[in-house]
Trainee: 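Provided herewith is a single structure, encoded as structure tokens, for subsequent inquiry.
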Amino acid sequence: MKEAAFTAAAERHLDMVYRVALNWFRSPADAEDAAQTTMLKLWQTDTEFADDEHLRRWLVRVTLNVCKDMSRSPWRRHTVSLEELPEPAFSDEERRTVYREVMALPGKYRVPLYLYYYEGYSVSEIGELLRLNVSTVQTRLARARGKLKIELTEV
């Protein structure tokens, strides 16, 4: 990738890549490592992107693959408590509470829910990104909503 195109793409999408990785790991240090690895892969790619949305989807897919690879490493077998996560930059307490509850969900529910509500992907796009059937994505979203409803009514 050419330097000017890479710089522009990195400036536009680095925050999104970091947020997806942070959602996966719930660890700022691991999310930074994954974002850096993803950006390195972007620098090294010869892929011609049709438009910005194609680039964005490619980055999400690569980020998820990097996160999966990093999760398999024996060096990354630690977890972070929710109190150690950076505070989300929401203006009201209600949104912060919902975000904390989303981050507390198991990964198979958290990732599709995050991509749907926070990154704006459709169910079919999430299915492609996660390599799942559309019905599986719909089921996971429904179960995640159910779990959130239970947790938020207790709060």
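Throughout, residue positions are numbered sequentially from 1 according to the sequence presented.
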Trainee: To check you understand the geometry: which heavy-atom pair defines the closest contact between L42 and A9, and what is its length?
Mentor: CD2-CB, 4.0 Å

Trainee: Looking at every non-hydrogen atom in both residues, tell me the closest pair between L22 and M103 and how far apart they are.
Mentor: O-CE, 3.7 Å

Trainee: For S122 and Y116, work out which heavy atoms get closest and say how close.
Mentor: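 What the structure gives for the nearest pair is C-CD1, 4.5 Å.
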
Trainee: List the residues meeting side chain to side chain donor-acceptor pair (under 3.5 Å) with D52, not counting sequence neighbours, and say none if there are none.
Mentor: R12, H13

Trainee: Find the distance between CG (L113) and CZ (R140) and round it off to the nearest 0.5 Å.
Mentor: 12.5 Å

Trainee: Taking side-chain contact (heavy atoms from CB on, under 4.5 Å) as the test, write out the residues that go with D69, two or more places apart.
Mentor: R72

Trainee: The criterion is salt bridge (Lys or Arg N to Asp or Glu O under 4.0 Å); which residues satisfy it with R57, sequence neighbours excluded?
Mentor: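 For R57 the salt bridge (Lys or Arg N to Asp or Glu O under 4.0 Å) partners, ignoring immediate neighbours, are E128.
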
Trainee: Do N23 and L115 have side-chain heavy atoms sitting under 4.5 Å apart?
Mentor: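 Not touching, per the 4.5 Å side-chain cut-off.
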
Trainee: What closest approach, in Å, do R110 and L105 show between heavy atoms, and which atom pair accounts for it?
Mentor: NH1-O, 2.8 Å

Trainee: Please tell me if the side chains of L59 and M39 come closer than 4.5 Å, counting only heavy atoms from C-beta onward.
Mentor: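 The answer is yes, as the side chains (C-beta and beyond) meet within the 4.5 Å cut-off.
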
Trainee: Using every non-hydrogen atom in the two residues, find where A35 and L14 come nearest and quote the distance to one decimal.
Mentor: CB-CD1, 4.2 Å

Trainee: Residues two or more places apart in sequence or in another chain: which of them pass side chain to side chain donor-acceptor pair (under 3.5 Å) with W58?
Mentor: none

Trainee: What do you reckon, is NZ of K149 surrounded by more than 12 foreign heavy atoms closer than 6.0 Å?
Mentor: no

Trainee: With sequence neighbours excluded, what pairs up with E119 under the side chain to side chain donor-acceptor pair (under 3.5 Å) test?
Mentor: R19, Y114

Trainee: By side-chain contact (heavy atoms from CB on, under 4.5 Å), which residues pair with L40, not counting sequence neighbours?
Mentor: Q44

Trainee: Please tabulate, for the side chains in residues 132-139, all donor-acceptor contacts under 3.5 angstrom to protein atoms that are two or more places apart in sequence or on a different chain.
Mentor:
unit_1: T139; atom_1: OG1; unit_2: S135; atom_2: O; d: 2.8

Trainee: Minimum heavy-atom separation for T45 and T47, please, with both atom names.
Mentor: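 So the minimum-distance heavy-atom pair works out to OG1-OG1, 2.8 Å.
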
Trainee: Hey, which of L64, D30, T63 is the one that makes side-chain contact (heavy atoms from CB on, under 4.5 Å) with W24?
Mentor: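 Result for side-chain contact (heavy atoms from CB on, under 4.5 Å) with W24: L64.
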
Trainee: Can you tell me how far the CD atom of E125 sits from the CG atom of L130, to the nearest 0.5 Å?
Mentor: 11.5 Å

Trainee: Could you pull out all residues at least two apart from A34 that satisfy side-chain contact (heavy atoms from CB on, under 4.5 Å)?
Mentor: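 A34: side-chain contact (heavy atoms from CB on, under 4.5 Å) contacts with A21, F25, V66, C67, M70.
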
Trainee: Residues two or more places apart in sequence or in another chain: which of them pass side chain to side chain donor-acceptor pair (under 3.5 Å) with Y121?
Mentor: R56

Trainee: Counting neighbours of CD on E53 that are heavy atoms of other residues, nucleotides or ligands and sit closer than 6.0 Å, is the number greater than 12?
Mentor: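 It does: E53 CD has more than 12 such atoms within range.
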
